[in-house]
Asker: 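My questions all concern the structure below.
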Amino acid sequence: MHGAHISFLHLGAAGRDSMSHRPIRRSARRRPVRRSKKQDEQVALVVGVVVAVGLVAAVVQWLLTHWWVLVIVAVTASAAGGLWYQKAQQRAVWEELV
């Protein structure tokens, strides 16, 4: 193994040894870019729209699964509307009599 001597000094590229490398020059730190208030409002608006669409989709999916809830709501609303209409007619009759 005398001929298989490995030199750890010649690990650099193009024949330069590793000790002659200059330190890596780092670019100057850039200041973070500040968003304007308008951009913040736009981001908030987009997030709000995404949340609203997701919520509507979840409610629609739930109602499709629980369709009977819509039937109960429709029957209850019809009964309440009918009672309101009957009471309004009675009020009109009393107004004519008085």
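Being a predicted model, the structure only gives us computed values, none of them experimental.
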Asker: Mind checking what makes side chain to side chain donor-acceptor pair (under 3.5 Å) contact with Trp62, not counting sequence neighbours?
Answerer: His66
Asker: Would Val49 end up clustered with Val56 when hydrophobic side chains under 4.5 Å apart are linked, directly or stepwise?
Answerer: no
Asker: Would you tabulate the side-chain donor-acceptor contacts of residues 77-97 under 3.5 Å, counting partners in other chains and residues two or more places apart, or write 'none'?
Answerer:
| residue | atom | partner | partner atom | Å |
| --- | --- | --- | --- | --- |
| Ser78 | OG | Ala74 | O | 2.9 |
| Tyr85 | OH | Gln89 | NE2 | 3.1 |

Asker: May I ask whether Leu70 and Trp68 are part of the same hydrophobic cluster, defined by side-chain heavy atoms of I, L, V, M, F, W, Y residues being less than 4.5 angstrom apart, directly or through others?
Answerer: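 Yes, because Leu70 and Trp68 connect within a single hydrophobic cluster, where side-chain heavy atoms sit under 4.5 Å apart.
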Asker: Would you kindly confirm whether Ile72 and Val69 end up in one hydrophobic cluster when ILVMFWY residues are joined by side chain heavy atoms under 4.5 Å apart?
Answerer: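 Linked, Ile72 and Val69 end up in one cluster.
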Asker: Can you run down the side chain to side chain donor-acceptor pair (under 3.5 Å) pairs that involve residues 37-48, sequence neighbours left out, and say none if there aren't any?
Answerer: Arg35-Asp40
Asker: Using the side chain to side chain contact (heavy atoms under 4.5 Å, CB included) criterion, which residues pair with Val59? Sequence neighbours excluded.
Answerer: Leu63
Asker: I'd like to know if Val53 and Val51 are part of one continuous hydrophobic network [Ile/Leu/Val/Met/Phe/Trp/Tyr, side-chain heavy atoms within less than 4.5 Å].
Answerer: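 No; tracing contacts between hydrophobic side chains, which count when under 4.5 Å, never links both residues.
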Asker: Give me each pair satisfying salt bridge (Lys or Arg N to Asp or Glu O under 4.0 Å) with a member in residues 52-80, each pair once, sequence neighbours excluded.
Answerer: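 Qualifying pairs: none.
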